[in-house]
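Below: the structure, in structure tokens.
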Amino acid sequence: MRGHGQLLGLYVPGHSLLHRTPLALKALLCVGASTPVVLIRQPITTAAGLVLFLLLMTVGARLPLRKVLGALVPALPVLALLALYSWFTRGPEAAFVVPGGIAVCMLAARLLTVTTPGQELLDGLVRLVRPLRRLGADPERFALALSIMVRSIPYLVGSLSDLRDAAKARGLQRSPRAVVVPVVVNAVAYAQATGQALAARGLGEHTDARDMHGENMDGEDSTDADGRDGA
Amino acid sequence: MSQAHPSSSGAAVASRRRARKRWNSTDLSLIAVFAALIAALAIVPGIPVGALGVPITLQTLGVMLAGVVLGPGRGGAAVGLYVLAGLAGLPIFSGFRGGLAVLAGPSAGYLIAFPLAAMLAGFLAAALLRRTRRFRVGVLFLACFTASLLLIHPLGITGLVVNGGLSVGDAIATDAVFLPGDVIKNLLAAGIAAAVHRAFPRLVPRTGADGPGHGGNEGAARTA
Amino acid sequence: MIRFTDASVTAPGEDGGSRTILHPVTLELGEHRISVIGANGSGKSTLLKLINGLTLPTSGSVSVDGLDTARRGREVRRKVGFVFTDPLSQLVMPTGREDVELSLRGRIRRADERRTAGMQVLQSYGIGHLADRSIYDLSGGERQLLAIAVVAAVEPAVLIADEPTTLLDLRNEHTIRAVLRGLPQQVIFTTHNLSFAQDSDRTLVLDGGRVVFDGDPAGAVAFYQELCLR
């Protein structure tokens with residue numbers, strides 16, 4: 001069974017400038033710098049975006065260039081096909097701008113995940129939800145759901161590959177149904193057991209934490225999210 | 001707490017907003033575990049198909065399952081949670097991808113369509129199964145396939161045009177490559193959902209909007 | 001003091017009917033350590049879940065220190081901790097440290113204090129060195145220890161454990177039994193292990209949803225063995 005470490009494992013530990021930059025600032029930078037590239041779609045902005053993020057990754061985050069480019073490898077077939085298609089339909093400029101824009105966004109997103117521990121990213125996501133509280137969102141429960149999800153993935157991947165092997169052993173590898181039905185049934189039973197355990201611990205119930213602790217619990221939350229250094 | 005509100009399944013029809021507020025910890029955990037299930041189905045190896053090599057994985061199977069097994073509210077929430085966590089950077093989209101970059105890629109439209117499709121499939125399944133108990137697998141397939149035709153394919157094509165720069169015709173042709181696989185996956189989803197319904201008869205809301213508590217009562221009864 | 005007053009549980013059956021899981025029972029549970037034995041499906045787990053309101057009685061009532069589980073469920077669950085058979089369904093966070101801190105969230109507001117307190121809890125159970133390990137990398141015994149630690153961390157007045165040693169090997173079973181013996185609070189547990197059942201001041205025997213014996217552990221075990229052979 002795979003540990004969750006692998007799942008949150010894009011993070012490369014380090015002490016570079018970008019590792020130390022707060023997540024919110026990094027996120028703003030990445031979105032702010034990649035959006036114009038996608039919207040404008042001129043060779044000059046695309047090239048500038050590529051250079052900017054390659055510099056940020058190699059100099060700002062002190063990552064080896066090989067590793068930076070390696071992140072693009074899985075997307076290469078798609079990017080190459082897009083380039084070919086754009087060349088034939090709209091000429092060489094489009095062949096650079098369309099896949100180039102996607103590459104910029106990939107680098108930008110990679111920058112965040114490589115320099116920020118996974119748990120911190122999730123905490124950041126929870127903070128992003130916090131302003132939605134007025135619309136009925138509940139950041140506490142959202143955070144709890146995220147945690148349960150992250151911790152359930154290795155369990156389910158494990159049971160999926162176990163059952164894949166079992167199906168193969170019985171010559172049923174061509175029957176996804178033989179594999180997926182038990183996985184889903186297990187997942188439901190597992191979710192119900194987890195739900196019971198949550199209820200038993202007084203977690204995840206809909207009434208918000210306020211009436212339980214006498215006062216606003218979300219107010220102190222920011223200290224919590226900042227206090228974590230990620231697992 | 002489900003047990004504290006035995007009448008909630010009826011009352012839940014009142015409004016989606018209120019129904020959502022009443023999700024108990026079992027509902028929360030079902031949402032989270034189904035989000036994880038979609039992730040697990042998405043990251044086991046898939047097959048790249050078509051001009052853009054967008055991989056066919058069991059990801060969409062998980063999306064439809066969440067809708068028809070959990071109902072529109074919880075199913076939509078499960079898929080939404082999955083998409084959000086992936087966009088935040090967890091490598092849980094097909095091909096171990098993750099992060100906001102996916103929104104700029106050619107498959108962005110499919111991703112955006114997923115939560116909506118789960119909700120529609122769940123809604124249709126609940127609405128149809130209220131009228132008939134027969135042809136369960138067929139009804140479930142119809143719900144999944146309708147949702148996929150009305151939401152996943154149109155939004156997917158839009159994504160191919162906007163992000164991939166494809167012409168509408170080429171985008172439709174690219175998307176059409178997924179249709180046969182889609183039919184198979186929707187059939188699968190229907191068969192699996194019917195089996196899960198048999199294993200957990202009270203998990204699926206029978207009374208309309210998926211009120212909370214079905215899962216909780218189920219758990220209490222089964223563990224006795 | 002835990003009080004059952006004519007409490008019964010029925011569940012909806014397959015075709016609209018209902019089946020009785022627990023027949024009406026009236027009990028007062030005040031002893032320090034109480035064990036519950038009985039066959040699978042005899043209603044043991046339901047009896048335990050009634051105590052913290054995870055299951056509510058279909059008729060009658062259950063109260064803990066005067067708090068009714070149906071109306072004051074939230075307060076009851078703060079008094080009553082519950083340890084499940086499978087720790088994996090109980091541990092919510094990816095690591096022990098995060099899980100115990102989640103437990104402590106309600107009582108310790110500052111993140112750094114919570115961190116220290118969480119570490120102390122883990123250390124007191126001898127698993128401080130495992131704090132940052134993935135829960136999937138722990139052995140069964142370590143996981144069950146962790147599950148007990150995160151529940152006991154909030155110092156409940158009563159700790160309930162549903163077959164806490166069923167999934168464990170002999171050595172781990174002894175560790176968990178020793179830990180449960182050392183807990184200051186009231187402990188109520190179910191088990192299929194008859195020697196473990198006698199680690200108690202009082203034993204209930206359940207059969208077919210009824211309490212068929214209630215008394216001293218040795219007598220209960222003898223009665224249960226007789227029952228099984230019949």
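A note on names: the letters A, B, ... follow the listed sequences, proteins ahead of strands, and every chain is numbered from 1.
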Measuring only between side-chain heavy atoms, which start at C-beta, is Arg141(A) closer than 4.5 Å to Trp23(B)? yes
Contact between Ser152(A) and Phe34(B) at the side-chain level, heavy atoms closer than 4.5 Å - yes or no? no
Compare every heavy atom of Ala199(A) with every heavy atom of Ser25(B), then report the nearest pair and how far apart it is. OG-CB, 3.3 Å
Do Ser29(B) and Leu144(A) have side chains that get closer than 4.5 Å, going by heavy atoms? no
With Leu84(B) via side-chain contact (heavy atoms from CB on, under 4.5 Å) - residues at least two apart: Leu125(A), Phe142(A)
Among Gly62(B), Gly165(B), Ala39(B), Ala77(B), who wins on heavy-atom pairs under 4.5 Å with chain A? Gly165(B)
Work out which heavy atom in Gly164(B) is nearest to a heavy atom in Val98(A); give both atom names and the distance. O-CG1, 3.7 Å
With the side chain counted from C-beta on, respond yes when Leu198(A) and Thr26(B) share a heavy-atom pair under 4.5 Å apart, and no when they do not. no
With heavy-atom distances below 4.5 Å as the criterion, would you say the side chains of Ile38(B) and Met149(A) are in contact? no
Leu37(B), part contacting chain A, at a heavy-atom distance under 4.5 Å: both
Output a table of donor-acceptor pairs, distance under 3.5 Å, between side-chain atoms of residues 22-32 of chain A and any protein atom two or more places apart or on a different chain; print 'none' if there are none.
residue  : atom : partner   : partner atom : Å
Lys26(A) : NZ   : Leu18(A)  : O            : 3.1
Lys26(A) : NZ   : Thr115(A) : O            : 3.2
Lys26(A) : NZ   : Thr115(A) : OG1          : 3.2
Lys26(A) : NZ   : Thr116(A) : OG1          : 3.1

Can you name the one residue among Leu156(A), Asn186(A), Ile153(A) that meets side chain to side chain contact (heavy atoms under 4.5 Å, CB included) with Val33(B)? Leu156(A)
Toward chain B, the part of Val188(A) with a non-hydrogen atom under 4.5 Å: both
Rounded to the nearest 0.5 Å, how far apart are CD1 of Ile31(B) and CD1 of Ile148(A)? 10.0 Å
Applying a strict 4.5 Å limit to non-hydrogen atoms, the region of Ala108(A) in contact with chain B is neither
